[in-house]
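Here's the structure we're looking at; comments come further down.
Worth saying up front: this structure is predicted, and the values here are computed from it rather than measured. Hydrogens, waters and symmetry mates play no part in the numbers below; they use all other heavy atoms, side chains included.
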Amino acid sequence: MDPTVLLPFQRASTDPFQRDLIEIDAAIELVTSGAAARVRLVALVRPEAIAAEGLARAQTANVRFTLDRGSNGVAAITIGPARSSRAGRWSLNRRERSDVPRG
């Protein structure tokens, strides 16, 4: 059995926007620490409202960020996997983009 590792996450907030960002930060920490290859967040209050900030935080941590909407209309965010330092892909609202210039 793998040992349990406690990660120091921020305390909960009463602000829904901040709660969603705390969840994204926790997911990024799980991916960057190697505790998870990817984390899917499905119960966020306003995923579209925090998508830009979440994307910026994921890019800073060098992990993939994907916001998508299922067939039932519910939005979800997937964090991870970690990207290589030379190349990576991220997506927002189902449009795939590369953060590496093509040449």
Side-chain angles (χ1 to χ4, degrees):
M1 179 188 297
D2 293 334
T4 301
V5 177
L6 297 176
L7 300 173
F9 297 123
Q10 297 178 3
R11 297 185 59 93
S13 172
T14 58
D15 176 34
F17 184 82
Q18 287 296 358
R19 274 195 312 244
D20 286 354
L21 287 174
I22 290 169
E23 293 293 327
I24 288 175
D25 288 342
I28 290 170
E29 181 64 29
L30 288 169
V31 172
T32 58
S33 71
R38 70 178 44 94
V39 177
R40 185 153 175 87
L41 303 170
V42 295
L44 299 175
V45 177
R46 298 185 58 205
E48 296 91 350
I50 52 94
E53 178 66 24
L55 173 61
R57 292 178 184 200
Q59 286 179 324
T60 299
N62 207 28
V63 297
R64 185 174 176 155
F65 177 98
T66 306
L67 170 66
D68 59 9
R69 190 171 299 282
S71 60
N72 59 358
V74 176
I77 292 175
T78 303
I79 303 293
R83 300 181 313 196
S84 70
S85 61
R86 296 188 66 222
R89 295 184 64 78
W90 55 270
S91 63
L92 181 61
N93 293 331
R94 296 186 184 178
R95 293 186 348 205
E96 294 288 329
R97 299 179 184 187
S98 175
D99 58 358
V100 177
R102 296 178 191 226

Of all heavy-atom pairs linking A27 and L41, the shortest is CB-CD1, 4.2 Å
Would you name the heavy atoms of V31 and P81 that are closest together and state the gap between them? CG1-C, 4.2 Å
What residues form a salt bridge (charged side-chain N to carboxylate O under 4.0 Å, His left out) with R38, not counting sequence neighbours? none
Checking V39, L55, I50, V42 against I77 for side chain to side chain contact (heavy atoms under 4.5 Å, CB included), the one that qualifies is I50
Are F65 and F17 in one and the same hydrophobic cluster, where Ile, Leu, Val, Met, Phe, Trp and Tyr link if side-chain heavy atoms are under 4.5 Å apart? yes
Tell me, do L67 and P47 make a side-chain contact under 4.5 Å, heavy atoms counted? yes
Heavy-atom count around R40 CZ within 6.0 Å, excluding the residue itself: above 12? yes
Pair R57-L21, side chain to side chain contact (heavy atoms under 4.5 Å, CB included): steps then yes or no: CA-CA 9 Å; R57 292 178 184 200; L21 287 174; 3.8 Å; yes
Where do I79 and E23 land on the side chain to side chain contact (heavy atoms under 4.5 Å, CB included) test, with the steps shown first? CA-CA 10 Å; I79 303 293; E23 293 293 327; over 6 Å; no
Has the side chain of D20 got a donor or acceptor atom that lies under 3.5 Å from a matching backbone atom of L44? no
